[in-house]
Amino acid sequence: MTDVLDAVANTAFATWVRESPSPFAYTAMLSLHAAGLAFLVGFSVLIALRLLGLAPTIPLPPLAKVFPVIWVAFAVNAVSGSVLLIAGAATLGRDPLIYIKLALIAVAMVIMRRIQTRVFGDPARLQKEGLPKGTGLLAATAIICWSGAMVSGRLTAYPGLAQSWLGL
Ligand code: HEM
């Protein structure tokens, strides 16, 4: 596993992303990642808070139109994040925080998809019957996962942090 991480980090592509002075290398990837976060996490948390009762006068059905933006932002983040991960494989691949972050993102995205289909999938039913049972739990779990992913994502910039907490 360790050899694989070093081999990935030593590929020509990873070295170019990491070391090139071009603004289209590391700078572009980190910038795309940061911009994607604003849309992905921003809109997801907005929907989750609305489902928890914030701003109840905002009508729910039109919020369904926000989901395509969430999915495009996720795609931007998955691609830019993967490139950053390849570039930093030697250190990031050994950091437990990156795996915690990826697991939290996976759970958050499954929840967002569930909210999209269960809550917003049938606008007429939503209008008539209101929120399905369990929506509040989904929304609260999504907020916790997004917050955890943001914090663990930010902390991966400081290698060795998680290892020192865990005494590794
Ligand atoms: C889906 C696949 C994703 C992958 C593979 C990925 C991977 C990465 C990598 C490798 C870095 C750079 C760490 C460093 O070099 O210091 C990074 C930064 C970051 N990521 Fe992601 N990421 C993904 C999605 C996300 C998502 C969805 C979020 C938000 C919930 C997120 C939050 C962050 C944050 C806050 C940073 C720190 C940016 C900074 O240094 O200020 N990432 N990510």
Side-chain angles (χ1 to χ4, degrees), residues 1-52 54 63 65-117 119-120 137-166 168:
M1 180 66 179
T2 302
D3 292 347
V4 175
L5 294 173
D6 289 333
V8 170
N10 287 330
T11 57
F13 178 67
T15 308
W16 177 78
V17 174
R18 217 173 36 243
E19 295 178 8
S20 168
S22 165
F24 298 106
Y26 197 86
T27 309
M29 288 305 122
L30 195 55
S31 304
L32 277 175
H33 207 65
L37 292 179
F39 289 90
L40 173 62
V41 182
F43 279 130
S44 297
V45 171
L46 171 81
I47 287 184
L49 286 174
R50 171 64 188 84
L51 295 178
L52 285 170
L54 186 84
L63 283 180
K65 297 210 169 90
V66 172
F67 280 92
V69 180
I70 290 177
W71 287 104
V72 170
F74 174 68
V76 168
N77 264 31
V79 172
S80 57
S82 301
V83 173
L84 292 169
L85 189 53
I86 288 168
T91 44
L92 287 167
R94 295 176 170 91
D95 188 345
L97 279 171
I98 193 89
Y99 301 104
I100 292 171
K101 169 186 149 172
L102 292 176
L104 289 168
I105 293 168
V107 175
M109 286 312 294
V110 168
I111 292 175
M112 294 316 294
R113 178 71 191 143
R114 204 165 275 192
I115 288 175
Q116 184 180 15
T117 52
V119 179
F120 293 94
L137 182 62
L138 283 178
T141 312
I143 292 174
I144 292 168
C145 289
W146 285 127
S147 304
M150 287 298 293
V151 172
S152 50
R154 188 63 195 89
L155 293 182
T156 53
Y158 306 93
L161 209 60
Q163 286 94 325
S164 67
W165 302 333
L166 300 168
L168 297 173

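Just so you know, ligand 1 is whichever comes first in the structure, and atom 1 is the first atom listed for that ligand. Values below: every heavy atom of this structure, side chains too, minus hydrogens, waters and symmetry copies.
Neither the backbone nor the side chain of Tyr158 comes within 4.0 Å of ligand 1, counting heavy atoms alone. Of all the heavy atoms of Leu84, the ones lying under 4.0 Å from any atom of ligand 1 are found in both the backbone and the side chain. Of the heavy atoms in Leu92, only side-chain atoms (C-beta onward) come closer than 4.0 Å to ligand 1.
Looking at Ile70 and Ile47, their side chains come closer than 4.5 Å, going by heavy atoms from C-beta outward. Side-chain atoms of Trp146 and Met109, non-hydrogen and from C-beta on, do get closer than 4.5 Å to each other. Contact of the Met112 side chain with the Phe74 side chain is not registered, since no non-hydrogen atoms from C-beta on lie closer than 4.5 Å. The shortest side-chain heavy-atom distance between Asn77 and Ile105 does not fall under the 4.5 Å cut-off. With a 4.5 Å cut-off on side-chain heavy atoms, Phe39 and Val76 do not count as touching. Residues Leu97 and Lys101 fail the side-chain proximity criterion, which asks for heavy atoms closer than 4.5 Å.
Distance from atom 13 (C) of ligand 1 to its nearest protein heavy atom, with residue and atom name: Thr156 OG1, 3.6 Å. In terms of protein heavy atoms, atom 26 (C) of ligand 1 is closest to Ile105 CD1, 3.3 Å. The protein heavy-atom contact nearest to atom 29 (C) of ligand 1 is Leu37 CD2, 3.0 Å. Looking from atom 40 (O) of ligand 1 to the surrounding protein, the closest heavy atom is Arg154 NH1, 3.4 Å. Protein heavy atom in closest approach to atom 38 (C) of ligand 1: Leu30 CD1, 4.2 Å. The nearest heavy-atom contact from the protein to atom 1 (C) of ligand 1 is Ala78 CA, 3.7 Å. Among all protein heavy atoms, the one lying closest to atom 5 (C) of ligand 1 is Gly81 C, 3.4 Å.
The shortest heavy-atom distance from Leu102 to ligand 1 is under 4.0 Å. Judged by the shortest distance from any of its heavy atoms, Ser82 lies inside the 4.0 Å radius around the atoms of ligand 1.
The angle that His33 NE2 and Lys101 NZ make at atom 21 (Fe) of ligand 1, rounded to 10°, works out to 180°.
When the shell of 6.0 Å around CZ of Arg114 is examined, it contains 12 or fewer heavy atoms from other residues, nucleotides or ligands.
Near Val41, the atoms of ligand 1 lying under 4.0 angstrom from a non-hydrogen atom of the residue are 29 (C), 30 (C). Heavy-atom contacts of Ala157 reach the following atoms of ligand 1: 16 (O) (cutoff under 4.0 Å). The distance from ligand 1 to the heavy atoms of Leu85 drops below 4.0 Å at these ligand atoms: 10 (C). Residue Tyr26 has at least one heavy-atom neighbour below 4.0 Å for each of these atoms of ligand 1: 14 (C), 15 (O). Each of the atoms 27 (C) of ligand 1 lies under 4.0 Å from some heavy atom of Leu40.
Checking side-chain atoms of Thr11 against main-chain N and O of Ala7 turns up no donor-acceptor pair under 3.5 Å.
Of the residues listed (Ile86, Val79, Leu84), the one engaging Met29 in a side chain to side chain contact (heavy atoms under 4.5 Å, CB included) is Leu84, and it is the only one. Pro96 pairs with exactly one of Leu161, Leu166, Thr156 by the side chain to side chain contact (heavy atoms under 4.5 Å, CB included) rule, that one being Leu166.
Looking at Pro159, Ala149, Ser147 and measuring to atom 30 (C) of ligand 1, the nearest heavy atom belongs to Ala149. The closest non-hydrogen atom to atom 34 (C) of ligand 1, taken over Gly153, Ala38, Gly88, comes from Gly153.
Taking both residues in full, the closest heavy atoms of Phe120 and Phe67 are given as CD1-CE1, 3.5 Å, listed atom of the first, atom of the second, then distance. What you find for Ala14 and Ala9 is that their closest heavy atoms are CB-O, 3.5 Å.
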